Amino acid sequence: MKLERIDANRYRIPKTGRMRVPGVVYSSPELVDDLRDDPSLEQVANVAQLPGIVGASLAMPDIHWGYGFAIGGVAAFDPDEGVLSPGGVGYDINCGVRLLRTRLSRDEVVPRLETLVGALHRAIPSGVGSKSHRTLTTGELAQVLVRGARWAVDHGYGEPADLDVIEEGGTFAGADPDAVSDRAKQRGLPQLGSLGSGNHFGEVGVVAEIYDPAAAEAFGLHLGQVTVMLHSGSRGLGYQVCSDSLEEMLKASARYGIALPDRQLCAAPLSSPEARRYFGAMASAVNYAFANRQMLTHFTRQAFAEVFGRSAGELGMGLVYDVCHNIAKWETHRVDGRERRLCVHRKGATRAFGPGHADVPGRYRAVGQPVLIPGDMGRYSYVLAGTQRALDETFGSCCHGAGRRMSRHKALAVTRGRSIGKELAERGIQVRSDSRRTLGEEAPEAYKDVAEVVDAVAGAGIARKVAKLVPIAVVKG
DNA sequence: ATGTAC
């Protein structure tokens, strides 16, 4: 794939063949060499062929191969000419990350670390097919799908102030529970309030470095402070929504004459009933994921309260922010000097709205939206802030994590016979998982160095570095 | 990511 250097952090896939727009890849001299033979670049070029795509088919520095669209891809579509594609959202609809602050210091937590990680592991149901502490009734699920995190708060999981610092306030408009299949609903009933598996985690970290004191203060972060990051999504319900939609979208692509370079890019015109139906189902799964992370937050607070003998309020366990990684949403962006309503697909990408944007919570508006970037479980994670430049160039989007550098299969092969838990414990990181296999697949070396990814987006100016977090305890599926 | 193959 031809990749032209624009500057140190921007590379162009020139518009050729049936591409309607060029591709733009955010990367760096360090990361770009590994990318040149990567099939994900072809996926970026394929997305550029879809009708109504605006500006460019974008890729973030953590890009890797995904279903149809690359993970780490961003694409915006015109309401009249454009399309909605389930592959542009992904299987784990509204997979996302949230960060909690505490008033605890590293020195207070480290002596109790084994107790804490045990309590978190008990409090947070995890693993493939994991079930929640509570099974919903069908009536409750219908409410969850429409109200999201607000439903959870109303039922005692967390506090109203949490909602102020969740994308969309924790309730995504446009949900249509009737568009969600019975099978998806059945899968969702027992799983609300469970972590899942794979790269999902709960992580206790410590603020190890501050790059932007003003933004860190606005986010309530300071050196030596203990934080908790949660990464989870819409579980089996979201998976089933995606799966159910693909067949219908494939038919729709044929019906509306959309030429597909890859069947996995199946899509329907944004104005079509098929797109409306998928949007309603996707939005329902988005709300399920918001409610899920809200319940996991409550369980996390309970575990801390139990271990430290003080309430979550006394421990200062407020929510910093909650970002979506996999979503399509209507947003207004200025394109070539004109405000346009666009449907922005982010797949393995984070919204990163800059200072002054009305959708950034008031307490953060002066510094920009918090952008939470988890790394691998052995190194570090970052807190960034969105920028005006992101709004100008990437539809207000940024990277979402380290990105894999090894397939799960390869990671298992290179970690065979090793104990990843023991290796991490020797480095001061307590890990609890019921699955040795998950730990092998998720070994730190299976991921790119997130510092390089973050330096690429910061270098490009589409986010600003605020703080670095180092892990001390991790619960995994 | 995922009742890791309906």
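Letters A, B, ... are given to chains in the order of the sequence lines, protein chains preceding strands, and every chain is numbered from 1. Note that this is a predicted model, so its numbers are computed, not measured.
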task: Answer with yes or no after comparing the ring centroid distance for A:Phe219 and A:Tyr364 against a 6.0 Å cut-off, counting only values under it.
output: yes
- request: Show your working on side-chain hydrogen bond (donor to acceptor under 3.5 Å, both in side chains) between A:Ser232 and A:Asn292 and close with a plain yes or no.
  value: CA-CA 8 Å; A:Ser232 188; A:Asn292 190 37; 3.2 Å; yes
task: Round to a whole Å and report the spacing from NZ of A:Lys476 to P of B:dT4.
output: 19 Å
- prompt: With a non-hydrogen cut-off below 4.0 angstrom, is A:Arg404 in contact with a base, only sugar-phosphate, or nothing?
  reply: nothing
- request: Grab the CG-P distance between A:Asp434 and B:dT4 for me, whole Å please.
  value: 17 Å
- request: Using whole Å, report how far OH of A:Tyr91 lies from P of B:dA5.
  value: 12 Å
task: Classify the nucleic acid contact of A:Gln191 as base, sugar-phosphate or nothing, counting any heavy atom under 4.0 Å across all strands shown.
output: sugar-phosphate
First encountered from the 5' end of DNA chain B, between A:Val128 and A:Cys95: A:Cys95
task: Look at all strands and tell whether A:Gly233 reaches a base, only sugar-phosphate, or nothing, counting heavy atoms closer than 4.0 Å.
output: nothing
query: Heavy atoms under 4.0 Å, any strand shown: does A:Ser197 hit a base, just sugar-phosphate, or nothing?
result: sugar-phosphate
task: Could you label the plane-to-plane angle of the A:Tyr157 and A:Trp151 rings as parallel, tilted or perpendicular, counting under 30° as parallel and over 60° as perpendicular?
output: parallel
- request: Name the nucleic acid region contacted by A:Glu442, choosing base, sugar-phosphate or nothing; use a 4.0 angstrom heavy-atom cut-off, strictly under.
  value: sugar-phosphate
query: Mind checking what makes ring pair (Phe, Tyr, Trp, His ring centres under 6.0 Å) contact with A:Tyr11, not counting sequence neighbours?
result: none
message: Please confirm whether the shortest side-chain N or O distance from A:Arg408 to OP1 or OP2 of B:dT4 is below 4.0 Å.
response: no
